[in-house]
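Chain naming here is simple, since letters A, B, ... match the order of the sequence lines and numbering starts at 1 in each.
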2 protein chains.
Amino acid sequence: MAELERLNRLLTEFYDKMSSWEQSVVKETDYSLAQVHTIEVLGCCGAMRMKELAEKLGVTTGTLTVQVDKLVRAGLIERRAHPQDRRAIVVVLTEEGEVIHRRHNQMHLTLVEELTRHISPEQESELIGCLEKMNREF
Amino acid sequence: MAELERLNRLLTEFYDKMSSWEQSVVKETDYSLAQVHTIEVLGCCGAMRMKELAEKLGVTTGTLTVQVDKLVRAGLIERRAHPQDRRAIVVVLTEEGEVIHRRHNQMHLTLVEELTRHISPEQESELIGCLEKMNREF
DNA sequence: TTAAATTGTTTGATACTCAAAATATAATTA
DNA sequence: TAATTATATTTTGAGTATCAAACAATTTAA
C-alpha cells in the first residue's frame, strides 16, 4: 500500500532530522551525546538503579558504569546506596545535573513549538492521539 | 503550555522506541548500525558522492571512507568514478546491497503497519499531514 | 544452609569518530 | 597560460564508546 510507504518515509525523515538536531545541540555543550542522553533519562524518569538505567539507554551495565564514572567526576550525578537492596546503586542527578537537564529540556520544547507552528490545535490533538496509539504498539 | 509538554514527551518517547527497535533489528544482522544506516541512505536516495553521503549520515568524509572500505569488502557497495568530476567518487549499492536494503525496508514497513494498527484512515491522513508540516520546519 | 540468580564493576579487545595532514583534481584569478 | 585557491577524498593518530566475559558482593530459591 502506497499510504503505508508514504508514512514510513515521513517517520524515517522525522527520525533522521530529530537525530541530527540532537547531535548539533549536544555539540554546543561540554558533554557527549551518550552523556546528555543519560542526563535526559534521569531528568525525565527520576532516580533509578544502574540496571534499569542501562536498559532504558540500551547499553550494558559495564558500559554504563564507565559513563556514570565520568558524569560523577563532572559533578552532574551521584551514586547512592539502594535502601533495600545492598547490591544495587541508585543514580540520581545533582543540582547541577538538574540545571543541565532543564536547560536541555527547554530546547526540546522550543523545537517542538517551532515544528508545530503551522499545525492547528485540532490537528495537534489528533497528532497526540496518534502518537499515543503508536507508542503503545511498540 | 501543558499541551506542548505532552507532545514533547510523546515525540521523545517515539524517538527512543524507534531507536531501540532499530538497534535490536540491526543486532540480528551481520552488520553494524552505522553500516546499515549507510545502506539505508544509499537504498532510499540512490547512488551519490562521498561528500553528500557523509553529510546525510552526519559524519566526516574521513569517517565515511573507513565505513565504505568495510562495506566494499563485504560486497554491499561499490566505488565508481564520477563521470564529470575526477576528484569525486560515487558510491553505489551492489545487487547484494540492494537485497539487504529491500529486506531492511520491509521490516520498517511491517513495523509501521503494526504501529498504525488502531489508527483509522482519516486519522492516518491527518498524521501524514502533520508529519509533512513538521519535517518542513526543521 | 547451600546453590543459583542478580547487581554492579573491571578488564581487554574492537569499532566509531574526529581533526589534521596529504594527495589529486577543479575552478578562479592574474 | 600559469599560478593560486578551493574542493573531494584518503590516510593517520588519538580519543571515546561499546561489548563480552570474568569477578565480587548480595539476594533469592531449593
Under 3.5 Å, N/O pairs linking protein and nucleotides 17-21 of chain C:
{"unit_1": "C/dC18", "atom_1": "OP2", "unit_2": "B/Thr60", "atom_2": "N", "d": "3.0"}
{"unit_1": "C/dC18", "atom_1": "OP2", "unit_2": "B/Thr60", "atom_2": "OG1", "d": "3.4"}
{"unit_1": "C/dC18", "atom_1": "OP2", "unit_2": "B/Thr63", "atom_2": "OG1", "d": "2.7"}

Chi angles and distances behind the side-chain contact (heavy atoms from CB on, under 4.5 Å) call for B/Glu114, B/Thr110 | CA-CA 6 Å; B/Glu114 284 169 6; B/Thr110 303; 3.9 Å; yes
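For the pair A/His82 NE2 and D/dT27 P, the interatomic distance rounds to 11 Å; values are reported in whole Å. A straight line from CG of B/Leu71 to P of D/dT10 spans 13 Å, rounded to a whole angstrom. Spacing between atom CG of B/Leu33 and atom P of D/dT18 amounts to 11 Å, rounded to whole angstrom units. Taking atom CZ of B/Arg73 as the reference point, atom P of C/dA15 lies 10 Å away to the nearest angstrom.
Taking 4.0 angstrom as the limit, B/Ser32 places a side-chain polar atom (N or O) nearer than this to OP1 or OP2 of C/dC16. Between C/dG8 and A/Thr61, no contact under 4.0 Å exists linking OP1 or OP2 to a side-chain N or O. Considering only side-chain N and O atoms, B/Lys70 lies under 4.0 angstrom from the phosphate OP1 or OP2 of C/dC16. The side chain of A/Arg79 contributes no N or O atom lying less than 4.0 Å from OP1 or OP2 of C/dG8.
The ring pair (Phe, Tyr, Trp, His ring centres under 6.0 Å) analysis of residues 49-93 of chain A, with sequence neighbours excluded, yields no pairs. Sorted by first and then second residue, the ring pair (Phe, Tyr, Trp, His ring centres under 6.0 Å) pairs with a member in residues 33-55 of chain B form an empty list; sequence neighbours excluded. Judged as a side chain to side chain donor-acceptor pair (under 3.5 Å), the pairs with a partner in residues 57-77 of chain B (not counting sequence neighbours) are, in order, B/Thr60-B/Thr63, B/Asp69-B/Arg79.
Checked against side chain to side chain donor-acceptor pair (under 3.5 Å), B/Arg80 has the following partners two or more places apart in sequence or in another chain: B/Glu78. A/Glu137 meets the side chain to side chain contact (heavy atoms under 4.5 Å, CB included) test with B/Leu115, B/Arg117, B/His118; sequence neighbours excluded. With sequence neighbours excluded, the residues forming a ring pair (Phe, Tyr, Trp, His ring centres under 6.0 Å) with B/Phe14 are A/Phe138, listed by chain and number. Residues passing the ring pair (Phe, Tyr, Trp, His ring centres under 6.0 Å) test with B/His101, sequence neighbours excluded: none. For B/Glu52, the side chain to side chain contact (heavy atoms under 4.5 Å, CB included) criterion is met by B/Met48, B/Arg49, B/Lys56, not counting sequence neighbours.
Within residues 41-53 of chain B, the residues having any heavy atom closer than 4.0 Å to DNA chain D are, in order of number, B/Arg49, B/Met50, B/Lys51. Scanning residues 85-94 of chain B for heavy-atom distances under 4.0 Å to DNA chain C yields B/Asp85, B/Arg86, B/Arg87.
B/Arg6 and A/Glu132 are joined by a salt bridge, as a carboxylate oxygen and a charged side-chain nitrogen come within less than 4.0 angstrom of each other.
Interatomic distance, B/Leu127 CG to B/Thr116 OG1, rounded to the nearest 0.5 Å: 8.5 Å. Between the CD atom in A/Glu98 and the CG atom in A/Leu76 there is a gap of 11.0 Å [rounded to 0.5 Å]. Interatomic distance, CD1 of A/Ile128 versus CZ of B/Arg9, reported as 12.5 Å (0.5 Å rounding).
Among the atoms of the strands shown, only primed sugar atoms or phosphate atoms (P, OP1, OP2) are found under 4.0 Å from some heavy atom of A/Gln84.
Among the duplex regions that DNA chain C forms, those built from at least three successive Watson-Crick or G-U pairs under 3.5 Å are C:1-30 with D:1-30, ordered by first number.
Across all their heavy atoms, B/Ala47 and B/Val90 have their closest contact at CB-CG1, 3.9 Å.
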